[in-house]
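Please read the structure below before turning to the comments.
In what follows, chains are A, B, ... by sequence order, proteins preceding strands, each numbered from 1.
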Number of protein chains: 2
Amino acid sequence: MDAEAIKQSLEGSGLRCTPQRYAVMAFLMEHNRHPTAAEIFEAVNRADPRSSRATTYNNLRDLVQAGLVREVAVEGRAARFDVKGMRHHHFICDRCGEVEDMAWYDVPKPAKGSLGKRIVRECELIFRGLCTKCAPRRASG
Amino acid sequence: MDAEAIKQSLEGSGLRCTPQRYAVMAFLMEHNRHPTAAEIFEAVNRADPRSSRATTYNNLRDLVQAGLVREVAVEGRAARFDVKGMRHHHFICDRCGEVEDMAWYDVPKPAKGSLGKRIVRECELIFRGLCTKCAPRRASG
DNA sequence: TCAAGTATTTAGATTATATCTAATATGACA
DNA sequence: TGTCATATTAGATATAATCTAAATACTTGA
Ligand SMILES: [Mn+2]
Ligand SMILES: [Mn+2]
Ligand SMILES: [Zn+2]
Ligand SMILES: [Zn+2]
């Protein structure tokens, strides 16, 4: 991955490019697998420099706030994260909780009247059902 | 609310209509406010009979599995619940985490090819931004 | 160059949320 | 009524995330 590009995007958002923060970002860019914070923590610590759990959570929070990373809440499970590169929707498996990317397509905006004073920042489409791994065992489960 | 209707829908799903389970369902039908499990637990215990925390969670899990109730995961906060009566979308506030209903409208299904072996059960549209209460304090916040 | 201020990291404690356990109670139905 | 599956319970436990306060690293500008 392009180290310089990561540095740019961090600094462009007013965040220092620390080794710990860089490692989180690089890991997310290399694995579009929607890892949990715990998985990211473990992964970035396989290589040096070591990063504490608090720092991993802090950095994920900062990256989400900066709009570089998205947090996906999954009922009953740890949150998952991905880089906000290309726009896409998500598929979440009822059975195993896996989050998978779905091709992006435009979503019709809500009628003006129904918004009131709310300010809409984004619009997210989530498909739910059984993933490729879980679909076959549907009956047994 | 129609007590008999609640009883019917529980038994129609193979669930006994126990006082504790009924209380959860009745509370959700009276308050379309998306309460958390903790709020439901507290609310149903203001009246008799008393229901334990484990039972409240167990019943919410059963009701979700039966398709009568929906669980809405909110990043960094407790899950929220609502009855699956009329179809609707959700608006989730970035700042305070409030979940609000939005008028339902049809969502275009994904292209056939993009699904693979996945089985889609439902399709959920989530709007994010600032709610009516939080929008004014945007800058300060 | 260096002092001072700010941002970041850290280990471990703490909180928040949800589930598990194993004992008891309840209800369906033969 | 007796049997058995279902449901409830208090409290312990697990899991996920945040907080704390001290140390470290970087930035700025005299
Ligand atoms: Mn994704
Ligand atoms: Mn709702
Ligand atoms: Zn799955
Ligand atoms: Zn709000």
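- Every side chain to side chain donor-acceptor pair (under 3.5 Å) that Thr55(B) has, sequence neighbours left out, goes to Ser52(B).
- When the salt bridge (charged side-chain N to carboxylate O under 4.0 Å, His left out) test is applied to Glu100(A), the partners found at least two apart in sequence or on another chain are Arg118(B).
- The side-chain contact (heavy atoms from CB on, under 4.5 Å) check on Arg128(B) picks up Arg121(A), Glu122(A), Glu124(A), Glu75(B), Ile92(B), Asp94(B), Ile126(B), with sequence neighbours excluded.
- Overall bending of the helix from dT1(C)-dA30(D) to dA30(C)-dT1(D), expressed as the angle between end axes built from five pairs apiece, is 30° (10° steps).
- By the side chain to side chain donor-acceptor pair (under 3.5 Å) test, Ser114(B) is found to be paired with no residue, residues two or more places apart in sequence or in another chain being considered.
- Under the rule for a salt bridge (charged side-chain N to carboxylate O under 4.0 Å, His left out), the partners of Lys7(B) that lie at least two apart in sequence or sit in another chain are Glu11(B).
- If you take CG of Leu63(A) and P of dT8(C), they are 11 Å apart, rounded to a whole angstrom.
- Considering OG1 of Thr56(B) and CZ of Phe81(B), their distance stands at 10.5 Å, rounded to 0.5 Å.
- Residue Thr55(A) is classed as a base contact, given a heavy-atom separation below 4.0 Å to a base.
- The outermost nucleotides of DNA chain D lying under 4.0 Å from heavy atoms of chain B, listed 5' to 3', are dA5(D) to dA12(D).
- Atom pair Leu15(A):CG and dT6(C):C1' shows a separation of 14 Å (rounding to whole Å applied).
- With sequence neighbours left out, Phe27(A) forms a side-chain contact (heavy atoms from CB on, under 4.5 Å) with His31(A), Arg33(A), Pro35(A), Ile40(A), Ala43(A), Val44(A).
- When the salt bridge (charged side-chain N to carboxylate O under 4.0 Å, His left out) test is applied to Arg16(B), no partner is found at least two apart in sequence or on another chain.
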Point to revise | Nucleotide-resolved protein contact map, nucleotides 15-25 of chain C, B/S/- at heavy-atom distance under 4.0 Å | key: --SBBB-----
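- Checking Asp62(A) against Pro19(B), the closest nucleotide of DNA chain C that is more toward the 5' end is the one next to Asp62(A).
- Within the structure, every pair that satisfies the salt bridge (charged side-chain N to carboxylate O under 4.0 Å, His left out) test and touches residues 51-65 of chain B, not counting sequence neighbours, is listed here: Arg21(B)-Asp62(B).
- Applying the side-chain hydrogen bond (donor to acceptor under 3.5 Å, both in side chains) test to residues at least two apart or on different chains, the pairs with a partner in residues 78-88 of chain B are His34(B)-Asp82(B), Asp82(B)-His88(B), Asp82(B)-His90(B), His88(B)-His90(B), His88(B)-Asp101(B).
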